[in-house]
There are 4 protein chains.
Amino acid sequence: MGDTDGTRQRRRGDTRQRIQDVALELFAEQGYEKTSLREIAERLGVTKAALYYHFKTKEEIIVSLFEDLTRPIEELVEWGRQQPHTLETKREILRRYGDVLQNAAPLFRFMQENQATVRDLSIGGMFKERMAGMREIVIDPDAALVDQVRCISALFTMHAGMFVHLELEGDPEDKREAVLEVAIDLVTQAHGGAKGSGDQTR
Amino acid sequence: MGDTDGTRQRRRGDTRQRIQDVALELFAEQGYEKTSLREIAERLGVTKAALYYHFKTKEEIIVSLFEDLTRPIEELVEWGRQQPHTLETKREILRRYGDVLQNAAPLFRFMQENQATVRDLSIGGMFKERMAGMREIVIDPDAALVDQVRCISALFTMHAGMFVHLELEGDPEDKREAVLEVAIDLVTQAHGGAKGSGDQTR
Amino acid sequence: MGDTDGTRQRRRGDTRQRIQDVALELFAEQGYEKTSLREIAERLGVTKAALYYHFKTKEEIIVSLFEDLTRPIEELVEWGRQQPHTLETKREILRRYGDVLQNAAPLFRFMQENQATVRDLSIGGMFKERMAGMREIVIDPDAALVDQVRCISALFTMHAGMFVHLELEGDPEDKREAVLEVAIDLVTQAHGGAKGSGDQTR
Amino acid sequence: MGDTDGTRQRRRGDTRQRIQDVALELFAEQGYEKTSLREIAERLGVTKAALYYHFKTKEEIIVSLFEDLTRPIEELVEWGRQQPHTLETKREILRRYGDVLQNAAPLFRFMQENQATVRDLSIGGMFKERMAGMREIVIDPDAALVDQVRCISALFTMHAGMFVHLELEGDPEDKREAVLEVAIDLVTQAHGGAKGSGDQTR
DNA sequence: TATGAATGAGGATTCATTCAT
DNA sequence: CATGAATGAATCCTCATTCAT
């Protein structure tokens with residue numbers, strides 16, 4: 001008897017993690033400003049003060065989430081920089097970017113829907129950097145303006161992908177693939193490639 | 001005699017308008033939640049209570065802006081519904097949509113950057129409807145999934161256009177055209193057309 | 001043609017009266033504090049400012065109502081003072097008091113239900129005076145304490161009568177009579193009379 | 001050492017109680033609407049926000065007072081329901097009711113003087129229920145209308161008792177007894193009994 | 001690790017009132 | 001007679017944050 005089995009017990013040590021989970025859920029659902037620490041604390045069954053033991057400020061919570069969840073983008077950008085700027089590289093970047101977005105969907109949804117707020121949080125700057133990094137490894141600064149736009153559009157398409165799921169019918173996996181295909185098409189065209197779905201380059 | 005120069009004078013009758021202007025500016029700049037009525041009032045040189053003479057609530061301010069500025073979208077959708085669903089129609093829709101977006105840029109920027117907030121304001125629903133209308137007149141529900149995505153991507157590309165200006169170098173007008181071209185390309189491809197903005201209506 | 005028949009027209013000259021009517025209705029229904037001038041104005045279809053043309057303050061509205069509607073009590077008290085302090089006089093006083101209460105029921109309901117508010121309006125003092133007057137002409141200061149209480153109880157019973165209607169079943173007129181009978185019984189007993197319903201004194 | 005004398009010290013743990021005390025005092029004195037939380041807080045030497053730590057809303061303060069102080073009525077009603085509906089029972093009910101009223105005098109004064117306000121607070125309904133309960137155990141629904149009124153009058157007389165003290169001279173205890181006697185007389189008469197508080201249980 | 005109690009700053013909103021027209 | 005526009009003061013309430021225990 002006692003705390004032997006973990007069910008419903010104060011799993012000690014993981015509180016920080018639980019705060020992050022609940023916070024992200026609420027931030028994504030309601031927005032940053034509209035989510036109060038009281039709400040987070042209540043949903044966790046702890047006191048507001050407890051949150052302050054784990055995070056110095058409200059902002060630190062979102063910052064920690066951001067840092068934890070966007071590392072894959074940093075890594076992707078770093079990887080991208082080291083690759084030759086070929087079309088195939090870019091395709092691979094988009095594929096990997098798709099995975100990244102899917103894995104941290106709630107955070108990205110949050111970033112997307114709270115841009116105004118995010119802008120003057122410290123993560124605002126970091127996010128801009130990450131995005132600039134992505135642009136850098138996907139856009140060729142010497143290409144024609146239309147082609148640069150095509151690449152940006154490819155990235156936006158990927159982002160849009162997170163919402164497309166809600167507005168279009170069909171199997172989720174199919175939609176994911178369709179989104180990726182359109183994005184890849186766009187960079188392909190930006191590279192002077194023909195339109196159409198995929199195989200012709202291989 | 002009297003009010004000859006308008007500087008800082010109580011231009012009577014236009015207060016409502018001025019509130020809307022200042023509000024939109026601040027909402028777009030800082031977000032809805034972070035903009036307080038005190039701030040709006042101060043910048044106008046009036047009391048908070050004066051705002052309440054013209055608008056019953058804070059929300060009513062943004063609603064009024066939304067209604068005033070999105071009427072063109074409604075009209076565009078209505079027009080679109082009455083046209084034959086040809087490729088050329090869609091191209092025209094995108095062209096007009098570009099104009100609409102440009103004319104009400106600050107509002108759209110606001111909507112884009114405050115989605116989480118907007119979602120539970122009454123304009124959230126209205127906005128969704130407008131967007132659904134746009135999708136309806138641009139997407140062919142019987143087309144292949146990829147092509148549907150292409151059309152959504154076209155719309156997102158147009159939206160992205162509002163931000164591209166900030167991140168890409170070059171003449172604004174050129175960028176505008178490039179964005180439009182990419183978007184038109186996307187719907188053209190969705191219609192089975194070749195790449196490039198040629199005249200092939202099918 | 002024009003304003004010939006009065007239906008739905010701005011009956012000129014009676015605005016003051018209409019303000020009083022609507023105000024009393026709302027004051028009685030919702031209380032003084034919770035009734036705003038805006039509400040009164042709206043229900044009348046005029047501006048708040050219009051009210052100020054007819055009454056200098058919100059308080060003046062209730063004061064004017066009070067003065068108009070409690071004159072009968074003043075008169076009753078005056079009459080009562082000039083009568084011999086017999087039992088029969090008191091009975092007559094209660095009968096007349098019953099009429100007075102019925103005629104200005106909404107005001108008295110208001111006074112009853114807003115005592116705390118009324119207390120520091122100028123009518124607070126006036127009302128106390130009127131009530132003191134009523135006590136004076138009904139209570140014999142030399143009588144035994146119990147009998148004095150009986151007389152006060154008689155007055156309270158009359159007041160209670162305004163609410164009894166809501167809580168007891170039966171014909172309104174019957175209830176009115178029953179209330180009066182009980183009150184009269186009380187002063188009768190206070191005069192050393194026998195208990196019972198009525199006729200034995202005649 | 002330390003908190004030896006309690007003057008103006010942060011007597012910890014009793015803040016909630018102190019808020020209730022001060023609030024009741026002010027509510028009874030000035031009415032509910034006219035008493036602001038600022039006033040309560042100031043008089044306690046705490047911040048408005050502190051009140052909100054202990055009570056979620058202003059209304060909750062009065063609700064808590066009401067619940068704490070009217071429990072005795074509930075109990076009395078419950079007791080009354082279980083007794084035989086004899087005259088002697090009713091007399092006992094009135095005696096006990098007198099005690100209850102005296103113990104929670106400020107609250108009842110408040111309820112009496114703020115009926116309009118109370119009506120649309122949640123305690124409005126509760127209070128009506130309590131009063132209905134009292135009526136139920138005192139009134140015989142099969143009795144003649146006059147006798148029912150007599151019983152209601154008895155209850156009102158008890159309530160009036162709280163004010164009689166202010167308007168009649170004499171020893172408080174004497175007045176209390178006189179009020180009780182009149183009320184008991186009324187129910188006695190309602191039972192067909194003779195005047196005067198004799199022992200005739202029927 | 002956490003809580004209980006509190007704060008200070010600020011939020012939106014409402015109100016009675018004023019006054020030039 | 002009445003309105004349109006505005007004000008100043010007040011209201012209830014919420015929030016992120018702190019700190020002794």
Side-chain angles (χ1 to χ4, degrees), chain A residues 10 12-16 19 32-41 44-61, chain B residues 10-16 19 33-41 44-61, chain C residues 10 12-16 19 32-41 44-61, chain D residues 10-16 19 33-41 44-61:
Chain A
R10 212 53 71 259
R12 70 193 212 297
D14 65 347
T15 302
R16 192 188 146 93
I19 293 174
Y32 179 77
E33 331 258 359
K34 302 242 304 251
T35 302
S36 68
L37 295 187
R38 178 177 56 65
E39 211 173 349
I40 298 176
L44 275 166
V46 299
T47 338
K48 264 185 294 172
L51 306 185
Y52 279 89
Y53 179 81
H54 295 279
F55 298 93
K56 267 206 289 292
T57 65
K58 184 185 183 186
E59 184 168 355
E60 217 189 83
I61 299 180
Chain B
R10 200 83 40 268
R11 352 223 216 324
R12 70 190 202 297
D14 66 347
T15 303
R16 191 189 149 94
I19 293 172
E33 334 257 359
K34 301 249 304 256
T35 302
S36 70
L37 295 188
R38 178 182 54 69
E39 210 173 350
I40 298 177
L44 275 166
V46 298
T47 339
K48 265 182 295 170
L51 305 185
Y52 279 93
Y53 177 77
H54 295 279
F55 298 94
K56 268 203 290 289
T57 62
K58 184 184 182 185
E59 183 168 355
E60 216 191 82
I61 299 180
Chain C
R10 215 53 67 266
R12 69 194 211 295
D14 66 347
T15 302
R16 192 189 147 93
I19 293 173
Y32 180 78
E33 331 259 0
K34 302 242 304 251
T35 302
S36 69
L37 294 187
R38 178 177 55 67
E39 212 173 349
I40 298 176
L44 275 165
V46 298
T47 338
K48 264 185 296 174
L51 306 184
Y52 278 89
Y53 178 81
H54 295 281
F55 298 93
K56 266 204 291 291
T57 64
K58 184 185 183 186
E59 184 168 354
E60 216 189 84
I61 300 179
Chain D
R10 200 100 17 275
R11 356 237 214 315
R12 70 190 203 293
D14 64 348
T15 302
R16 192 189 148 93
I19 293 172
E33 335 256 359
K34 303 249 301 256
T35 302
S36 70
L37 295 187
R38 178 182 52 70
E39 210 173 350
I40 298 176
L44 276 166
V46 297
T47 342
K48 265 181 294 170
L51 305 185
Y52 280 93
Y53 177 76
H54 294 280
F55 298 93
K56 268 203 289 290
T57 62
K58 185 185 181 185
E59 184 169 353
E60 215 190 83
I61 300 180

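Here is the naming used below: chain letters follow the sequence lines, and residue numbers restart at 1 for every chain.
A distance-only check finds a donor-acceptor pair linking the side chain of A:Tyr32 to the backbone of A:Glu59 [under 3.5 Å]. No donor-acceptor distance shorter than 3.5 angstrom exists from the side chain of B:Lys48 to the backbone of B:Ser36, with no hydrogens or angles considered. Side chain of B:Lys58 to backbone of B:Thr35: a donor-acceptor contact under 3.5 angstrom is found.
Nearest-nucleotide assignment on DNA chain E puts the 5′-proximal partner with B:Glu33, out of C:Thr35 and B:Glu33. Two residues, D:Lys56 and A:Lys48, neighbour DNA chain F, and the one matched to the more 5' nucleotide by heavy-atom proximity is D:Lys56.
Using a 4.0 Å cut-off, some side-chain N or O of D:Thr15 falls inside it from OP1 or OP2 of E:dA6. Distances shorter than 4.0 Å separate some side-chain N or O of D:Ser36 from OP1 or OP2 on F:dT11. At F:dG4, none of the side-chain N or O atoms of B:His54 fall inside 4.0 Å of OP1 or OP2 (strictly under the cut-off). Residue C:Arg38 places at least one side-chain N or O under 4.0 Å from the OP1 or OP2 atom of E:dC15. Proximity of B:Tyr53 to the phosphate of F:dA6: no side-chain N or O atom is located under 4.0 Å from OP1 or OP2.
When the nucleotides E:dT7, E:dT13, F:dT3 are ranked by their closest atom to the side chain of C:Thr47, F:dT3 comes out on top. Side-chain atoms of A:Leu37 lie closest to F:dA16 of the nucleotides E:dT7, F:dT7, F:dA16. The side chain of C:Ala49 has F:dT3 as its nearest neighbour among F:dT18, F:dT3, E:dT7. Closest to the C:Tyr52 side chain, of the nucleotides E:dA12, E:dT17, F:dC13, is E:dT17.
Atom C1' of nucleotide E:dT1 and atom CZ of A:Phe55 are separated by 14 Å, given to the nearest angstrom. Whole-Å rounding puts the D:Lys58 NZ to F:dT11 P distance at 9 Å. The separation between D:Glu60 atom CD and F:dC12 atom P is 15 Å, rounded to whole Å. Rounding to whole angstrom units, CG of residue A:Leu44 and P of E:dT3 are separated by 10 Å. Rounded to whole Å, the distance from CG on D:Asp14 to C1' on E:dA5 is 12 Å. Between C:Lys34 atom NZ and E:dT13 atom P there is a gap of 19 Å when expressed in whole angstrom units. Rounded to whole angstrom, the span from the CD1 atom of B:Ile19 across to the P atom of F:dA6 amounts to 8 Å. Rounded to whole angstrom, the span from the OH atom of C:Tyr32 across to the P atom of E:dC15 amounts to 13 Å.
Between C:Glu60 and C:Thr57, the closest side-chain pair of non-hydrogen atoms falls below 4.5 Å.
As the counterpart of E:dT21, F:dA2 is assigned, both hydrogen-bonding distances of the Watson-Crick or G-U wobble pattern falling under 3.5 Å. Of the nucleotides present, F:dT11 is the one that pairs with E:dA12 by Watson-Crick or G-U wobble criteria, both distances under 3.5 Å.
In this structure, the separation between CG on A:Leu44 and CD on A:Glu39 is 11.5 Å, given to the nearest 0.5 Å. Rounding to the nearest 0.5 Å gives a distance of 12.5 Å between CG of A:Leu37 and OG1 of A:Thr47.
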